[in-house]
Every structure is written in C-alpha cells, then in structure tokens.
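In what follows, a structure is listed as structure tokens, so that the remarks can point back to it.
Residues take their numbers from the sequence shown, with the count starting at 1.
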Amino acid sequence: MRRNQEIINPQGHATEIFSDWAIDYIQERAKEENPFFLYLAYNAPHTPIQPPVEWLEKVKKRESGMDETRAKIVALIEHLDEQVGRVYTSLEETGQLENTLIIFTSDNGG
C-alpha cells in the first residue's frame, strides 16, 4: 500500500484505514477557513472479498441460511456503509457538514 510516495504496510482492514485517514484530514481541515477537496476511493466491495471476521460472523448469525460467498459480500458492504457513516459523522462533529457537498457513487451494480 502507498500513502503519497511512501510504501507502507499498515495493520487493519483497508476500508477502516482509508476512513481513519479521511477523518484525520477532515479534522485537520476543520482548523482552516479555506475549502478543501477530499477524494475517498474505497476498494471495497471489490475482490478479494475479505470482510472483517466480526462483520462476517454478524451476518451469518442474522442470516443463517445465506451461503458463505453471499454472506462475505453482505458483510463487506455493511462494513463499508459503517465506515462511510464514520466519515459523515466526522463532518457533522467538526461543523463542516452544512458546507459540504458529498457525492457517493459506485461501479458495482449488484
């Protein structure tokens, strides 16, 4: 993985790492008066389909009849939704939401 020009090997799930970085940036920009642009491109729910274990277990518990492949996809998408919510909340908490345009799009039709 890269962060700017630096090759890094962070621990954790990429979706959470990207969210953490975005939240850090939003919090830093809250101290500034100038507008900013944040492009946050998650790689989920693309392959490899590797949701965090606790999210997969939550889906399996709730949807016991769901096959493993589908459960993994659902868990990965629900985890992504949670992380988008964290970013949204950081905009609220820093008082920037009312002056922010959010565009959410996907290349996944499923």
Side-chain angles (χ1 to χ4, degrees):
M1 187 180 289
R2 289 184 183 268
R3 184 169 187 183
N4 300 320
Q5 299 299 316
E6 180 185 4
I7 296 173
I8 61 171
N9 188 19
Q11 298 300 306
H13 197 277
T15 303
E16 291 173 13
I17 292 166
F18 298 159
S19 297
D20 290 344
W21 290 346
I23 291 166
D24 289 346
Y25 182 75
I26 289 166
Q27 290 171 346
E28 284 298 312
R29 294 303 302 185
K31 301 170 189 170
E32 305 288 329
E33 291 189 25
N34 295 326
F36 66 91
F37 176 79
L38 171 64
Y39 175 71
L40 176 55
Y42 294 105
N43 56 354
H46 288 283
T47 55
I49 305 298
Q50 298 172 328
V53 173
E54 63 273 14
W55 285 82
L56 179 57
E57 293 306 316
K58 183 168 59 169
V59 169
K60 286 176 156 182
K61 184 177 179 181
R62 185 185 71 226
E63 303 289 342
S64 60
M66 188 179 286
D67 70 75
E68 182 79 8
T69 301
R70 183 70 179 162
K72 285 181 177 180
I73 293 169
V74 169
L76 194 60
I77 292 170
E78 288 182 0
H79 179 246
L80 173 63
D81 287 347
E82 173 79 14
Q83 298 307 307
V84 170
R86 287 183 56 225
V87 173
Y88 183 93
T89 298
S90 73
L91 289 166
E92 281 183 317
E93 291 173 347
T94 59
Q96 299 177 90
L97 184 61
E98 293 300 318
N99 195 28
T100 299
L101 174 64
I102 300 172
I103 300 170
F104 183 88
T105 187
S106 171
D107 65 349
N108 285 284

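- Ring-plane geometry between Y25 and F36 is classed as perpendicular, the angle between the planes exceeding 60 degrees on a 0 to 90 degree scale with a lower cut at 30.
- Residues I73 and L80 do not share a hydrophobic cluster, defined by chaining ILVMFWY side chains whose heavy atoms lie under 4.5 Å apart.
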Quick one: do V74 and L56 satisfy side-chain contact (heavy atoms from CB on, under 4.5 Å)? Show the steps, please. CA-CA 8 Å; V74 169; L56 179 57; over 6 Å; no
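- Both Y42 and F104 are assigned to one and the same hydrophobic cluster, defined by single-linkage of ILVMFWY side chains at heavy-atom distances under 4.5 Å.
- Between atom CD of residue Q96 and atom OG of residue S90 there is a gap of 7.5 Å, rounded to the nearest 0.5 Å.
- Side-chain contact between D20 and R86 is present, with heavy atoms from C-beta onward closer than 4.5 Å.
- Legend: residues meeting salt bridge (charged side-chain N to carboxylate O under 4.0 Å, His left out) with R29, ordered by chain and number and at least two apart, are absent.
- In terms of heavy atoms, R3 sits closest to I8 at CB-CD1, 3.7 Å.
- From I7, atom CD1 reaches atom CZ of R2 across 4.0 Å, with rounding to the nearest 0.5 Å.
- For the ring-ring contact (aromatic ring centres under 6.0 Å, His included) condition, the pairs that include at least one residue of residues 53-72, sequence neighbours left out, are W55-H79.
- Rounded to the nearest 0.5 Å, atoms CD1 (I23) and OG1 (T89) are 8.0 Å apart.
- Residues passing the salt bridge (charged side-chain N to carboxylate O under 4.0 Å, His left out) test with E63: none are found, sequence neighbours excluded.
- For the pair V87 and A22, the tightest heavy-atom approach, listed with the atom from each and the gap, is CG2-CB, 4.3 Å.
- When all heavy atoms of I77 and P45 are compared, the pair lying nearest together is CG1-CB, 3.8 Å.
- What you find for P51 and H13 is that their closest heavy atoms are CA-NE2, 4.1 Å.
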Set out, in order, the CA-CA distance, both residues' side-chain angles and the distance that settles side-chain contact (heavy atoms from CB on, under 4.5 Å) for L40 and W21, then state yes or no. CA-CA 9 Å; L40 176 55; W21 290 346; over 6 Å; no
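- Classified by interplanar angle (parallel below 30°, tilted 30° to 60°, perpendicular above 60°), the ring pair Y39/F37 is parallel.
- When all heavy atoms of T15 and Q83 are compared, the pair lying nearest together is CG2-CG, 3.5 Å.
- A donor-acceptor pair under 3.5 Å links the side-chain atoms of D67 to the main chain of T69, judged by distance alone.
- By the criterion of side-chain heavy atoms lying less than 4.5 angstrom apart, applied directly or through intervening Ile, Leu, Val, Met, Phe, Trp or Tyr residues, M66 is not grouped with I49; the two fall into different hydrophobic clusters.
- Distance check: T100 OG1 to I102 CD1 gives 6.5 Å after rounding to the nearest 0.5 Å.
- Atom CD of E98 has 12 or fewer heavy atoms from other residues, nucleotides or ligands within 6.0 Å.
- Under 4.0 Å is where a charged nitrogen must lie from a carboxylate oxygen, and between E78 and K58 no such pair does.
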